[in-house]
Amino acid sequence: MVKVEDQMPTEQPRTGPTRRRRRLTDAETAQRTLDAALSMIERTGLTVSLEHLSFEDVIREAGVARAAVYRRWPYKGLFFSDLLKEFARNAPAAAGADGRVGEEAVRRIALDRIEQFATAEGRHELCVELLRLGALRDFEAMHASLQWRSYIALHATFLSLTDNALQDEVQAALAAAEQELNDRIAQSYERLATLFGLRLRPSLHTGFDELATHLSATMRGFVLTAMARPDLARRQPKSGILGTETTADWSLPALGVATTALAYLEPDPTVTWDAHRLTAVRDTLLTTPQTPPTPPLSDGRRE
């Protein structure tokens, strides 16, 4: 919980030669100090409180005048309040959670197996493989991420705040960060659905935003549970998963993400897989520097 403490000590006179430098504005001092604190959180992680952060260490890392910092934040608690809001606005929303880990590898695999786009069976096999790899990478990135654990701690911290106005501000900043993340995931799935000739199941009356929310919640649930149950990360060779004909290493998180995607998506019957479309798919993969994260899948039905 953020506590308002005694007023910080006054700045001590400096001794020895000093180099004259441009005086920072109040806004520059504030931003540099907040950035330094965020950098320290990235290195050490965020606990359920901010008591592990030394205000003096933050000032030294920021390289700003102590007197200017004290004018901005006379009390440590005031600084922590602004820091929580800044951290929430810039929250990573779990490193790797947007599927950016291994995007180039996923694109390369799709190009290496481009011939599989020619048949319904091949497209299904390829989609399952890309989804499996994407889910495995996302899970490992999030599970090992100090930023992700800090993000979870931030939720616990803001819920314990006694200042209702501050709690509302942090919640609003978190909600905005979550929405931005969800939008990126939804856009990625929509692009890849187009690439693979898939659509959302009409009977669900839903959108890619809801698919992204469901997939994100599924992955986060596994990552949180794996903190106490690391066995969830164990991979096991399985064959015939999701109607495929290959054997591959699967984990429970990867299987959870795959089955969730299958519940939302199906082949689009209006898409014709002719030579023109196959050429367009190849061109898209060649000209796109980064393929969006985890591709959505068909439901295993064959043309």
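With salt bridges taken as basic N to acidic carboxylate O contacts below 4.0 Å, one links Arg72 and Asp26. The residues Glu56 and Lys76 are annotated as not salt-bridged, no charged nitrogen and carboxylate oxygen being separated by less than 4.0 angstrom. Ion pairing of Asp35 with Arg32 is absent here, as no side-chain N (NZ or NE/NH1/NH2) approaches a carboxylate O to less than 4.0 Å.
The closest donor-acceptor contact from the side chain of Thr225 to the backbone of Phe222 lies at 3.5 Å or more, if one exists at all. Checking side-chain atoms of Gln31 against main-chain N and O of Glu28 turns up no donor-acceptor pair under 3.5 Å. Remark: the backbone N or O of Ala254 is not paired with any side-chain donor or acceptor of Arg132 at under 3.5 angstrom. For the pair Arg235 (side chain) and Trp250 (backbone), a donor-acceptor distance under 3.5 Å is absent. Side-chain N or O atoms of Arg107 include one that pairs as donor or acceptor with a backbone N or O of Leu285 at under 3.5 Å. Under a 3.5 Å cut-off, the side chain of Glu190 and the backbone N or O of Phe208 do not form any donor-acceptor pair.
Side-chain contact check for His276 versus Thr279: every heavy-atom pair is 4.5 Å or farther apart. Residues Phe87 and Ser150 meet the side-chain proximity criterion, which asks for heavy atoms closer than 4.5 Å. When side chains are defined from C-beta on, Val257 counts as touching Met219, because their heavy atoms get closer than 4.5 Å. Residues Gln116 and Arg123 have side chains not in contact (no heavy-atom distance under 4.5 Å, counting atoms from C-beta outward).
Using the six-membered ring where Trp is involved, Phe139 and His143 have ring planes that are parallel, under 30° apart on the 30 and 60° scheme. In this structure, Phe196 and Phe117 have tilted ring planes: the angle between them lies in the 30° to 60° band.
Summarising the geometry, atom OG1 belonging to Thr244 is positioned 6.5 Å from atom NE2 belonging to His124; distances are rounded to the nearest 0.5 Å. Between the CG atom of Leu84 and the CG atom of Leu174 there is a distance of 9.5 Å, given to the nearest 0.5 Å. To the nearest 0.5 Å, atom CG of residue Leu131 and atom CG of residue Leu242 are 8.0 Å apart. Interatomic distance, OG1 of Thr206 versus OH of Tyr264, reported as 5.0 Å (0.5 Å rounding). Summarising the geometry, atom CZ belonging to Phe80 is positioned 14.5 Å from atom NZ belonging to Lys85; distances are rounded to the nearest 0.5 Å. The structure places CG of Asp82 at 8.5 Å from CD of Glu169, a figure rounded to the nearest 0.5 Å.
The nearest pair of heavy atoms linking Ala88 to Leu154 is CA-CD2, 3.8 Å. Scanning all heavy atoms of the two residues, the minimum distance from Leu130 to Ala110 falls at CD1-CB, 4.2 Å.
In this model, a donor atom of one side chain and an acceptor atom of the other lie less than 3.5 Å apart for Arg220 and Ser216. With 3.5 Å as the limit, one finds no donor-acceptor pair spanning the side chains of Thr272 and Asp274.
Trp273 and Leu111 fall within a single hydrophobic cluster, where Ile, Leu, Val, Met, Phe, Trp and Tyr are joined by side-chain heavy atoms under 4.5 Å apart, directly or via other members. No single ILVMFWY cluster, assembled from side-chain heavy atoms under 4.5 Å apart, contains both Leu136 and Leu215.
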Step-by-step side-chain hydrogen bond (donor to acceptor under 3.5 Å, both in side chains) determination, Gln187 to Asp183: CA-CA 6 Å; Gln187 290 163 9; Asp183 289 345; 5.5 Å; no
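More than 12 heavy atoms of other residues, nucleotides or ligands shown are found within 6.0 angstrom of CZ on Arg277.
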